[in-house]
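Everything below concerns the one structure shown next.
Only this structure's heavy atoms are used, side chains among them; waters, hydrogens and symmetry mates stay out. Note that the structure is predicted; figures quoted are calculated from it, not measured. Heads up: numbering here begins at 1 and tracks the sequence.
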Amino acid sequence: MKMRELEQRTGVHRETIRVYLREGLIPEPARPRKTVADYGDEHVQAVLAVRRLQRENRLTLAQIKAIIGGEGTEARVEASAFDQLEQLVAHRAGADGPPVTLSSLLERYPYAVEDARTLAKIGILEIIDTEQGEALSITCAQLVRLWGDMRKAGFDQQLDYTPDILGFYTEAADFVGRWEATTFMERVEGHIDVEKAATMVEHALPLMLDFFGLMRQRAFFRHVEAIRAGEETNRPAEGIRPSSAQP
């Protein structure tokens with residue numbers, strides 16, 4: 001497709017698209033001739049991904065470029081943004097979208113390699129072997145950064161906080177995700193088309209992350225108060241048990 005159709009399909013003005021191209025946020029078009037540029041569906045998806053990151057997650061172009069380049073950012077990035085960031089890396093992979101090397105995290109997070117290997121061992125992330133060394137996807141790199149920031153906040157070995165305790169989250173996340181997926185499919189399958197269902201998921205998942213996060217926050221403080229009062233609180237939700245529990 002030509003630039004005119006790309007504008008129409010994305011609702012984004014050509015000058016803005018050219019800025020995305022200059023910043024390296026979307027892949028370069030095919031150029032069969034010097035004055036001709038051909039765009040494909042991957043450009044539509046990439047432009048829309050950048051637009052959503054700007055509007056819905058309020059990231060600047062500089063922040064988006066830093067994250068997909070593996071540099072991270074000081075600003076807080078919502079979990080829902082990382083699906084879009086991974087899409088951008090996938091679209092750019094043919095050019096300059098490498099994974100984030102573990103060595104690049106060490107200056108800011110000295111325990112990054114150790115933490116990544118522990119998190120990989122308990123199934124929270126996957127380490128990728130590349131020519132540049134061990135690496136992570138953008139989302140997995142952010143998990144390591146988040147745990148590194150937890151360390152800086154005082155959640156470290158001195159208090160017996162290590163990444164091993166996060167094994168419970170794999171079970172909890174799978175339990176919640178399975179219930180959400182099953183419930184969603186039971187209600188939409190055969191009632192709406194695939195495109196509408198995909199749009200619903202795209203909008204709902206970030207909202208449910210916020211919803212569940214607030215519920216966890218309330219539960220955390222409720223249980224802290226109960227523990228201080230000497231009440232019993234160590235009963236996990238039905239269907240979920242800590243990874244350290246015996247079968």
Q. Going from OG1 on T182 to CZ on R187, what distance comes out if it is rounded to the nearest 0.5 angstrom?
A. 10.5 Å
Q: Mark yes when over 12 heavy atoms from residues, nucleotides or ligands other than D160 sit less than 6.0 Å from its CG; otherwise mark no.
A: no
Q) Shared ILVMFWY cluster between L146 and V113, side chains joined below 4.5 angstrom? A) no
Q. Can you name the closest pair of heavy atoms from I122 and G167 and give their distance?
A. CD1-N, 3.6 Å
(Q) Measuring only between side-chain heavy atoms, which start at C-beta, is V19 closer than 4.5 Å to E15? (A) no
**Q.** Side chain to side chain, M1 and D41, heavy atoms closer than 4.5 Å
**A.** yes
Q.
Taking CD in E5 as the centre, count heavy atoms belonging to other residues, nucleotides or ligands within less than 6.0 Å. Is the count above 12?
A. yes
Q: Using the test side-chain hydrogen bond (donor to acceptor under 3.5 Å, both in side chains), find all partners of E107 that sit at least two apart in sequence or belong to another chain.
A: none
Q) Looking at side-chain heavy atoms only, is the closest gap between Q142 and V100 below 4.5 Å? A) no
Q: Can you see which heavy atom on S137 is nearest to which on I128, and at what distance?
A: N-CD1, 3.9 Å
Q: Please list, chain by chain and in numerical order, all residues satisfying side-chain hydrogen bond (donor to acceptor under 3.5 Å, both in side chains) with T10, sequence neighbours excluded.
A: none
**Q.** Linked, directly or transitively: F168 and W179 (ILVMFWY side chains, under 4.5 Å)
**A.** no
Q. Closest approach of E28 and L21, non-hydrogen atoms and distance?
A. OE2-O, 3.9 Å
Q. Could you state the interatomic distance from CD (Q54) to CG (L61), rounded to the nearest 0.5 Å?
A. 4.5 Å
Q. Is any side-chain heavy atom of T118 closer than 4.5 Å to a side-chain heavy atom of L166?
A. no
Q.
For a 4.5 angstrom cut-off between non-hydrogen side-chain atoms, does R31 reach V36?
A. no
Q | Distance-minimising heavy-atom pair for L102 and A112 | A | CD2-O, 4.3 Å
Q: With sequence neighbours left out, write down each residue that passes ring pair (Phe, Tyr, Trp, His ring centres under 6.0 Å) with F212, or none if nothing qualifies.
A: none
(Q) Measuring from atom CG of L106 to atom OG1 of T101, what distance do you get when rounded to the nearest 0.5 angstrom? (A) 8.5 Å
Q) Going through the distances and angles, do V47 and R9 end up as a side-chain contact (heavy atoms from CB on, under 4.5 Å)? A) CA-CA 10 Å; V47 169; R9 290 184 60 180; over 6 Å; no
Q | Sidechain N-carboxylate O distance under 4.0 Å for K2, D38 | A | yes
(Q) Using side-chain contact (heavy atoms from CB on, under 4.5 Å), reason through R18 and R22 one step at a time and then give a plain yes or no. (A) CA-CA 6 Å; R18 287 180 178 132; R22 283 200 300 272; 4.2 Å; yes
Q | Any side-chain heavy-atom pair of L136 and L105 under 4.5 Å | A | yes
Q: Mark yes or no for whether E114, through its side chain, and Y111, through its backbone, hold a donor-acceptor pair below 3.5 Å.
A: no
Q.
Please check: side-chain N/O of T183 versus main-chain N/O of E180, any donor-acceptor pairing under 3.5 Å?
A. no
Q | Summary of ring-ring contact (aromatic ring centres under 6.0 Å, His included) pairs that have at least one residue in residues 6-42, sequence neighbours excluded | A | Y39-H43
(Q) Running the 4.5 Å side-chain criterion over Ile, Leu, Val, Met, Phe, Trp and Tyr, what cluster does Y109 land in, apart from itself? (A) none
Q: Inspect the contact between E7 and R4 and indicate whether a charged nitrogen and a carboxylate oxygen are less than 4.0 angstrom apart.
A: no
Q: Mind listing the closest non-hydrogen atom pair of F155 and W147 along with its distance?
A: O-CZ2, 4.4 Å
Q) Within a strict 4.5 Å, meaning less than it, do heavy atoms of the V224 and F220 side chains meet? A) yes
Q: For the residue pair V50 and E23, establish whether any side-chain heavy-atom pair is separated by less than 4.5 Å.
A: no
Q.
Apply the hydrophobic cluster definition, ILVMFWY joined by side-chain contacts under 4.5 Å directly or through others, and give me every member besides F211.
A. M208, M215
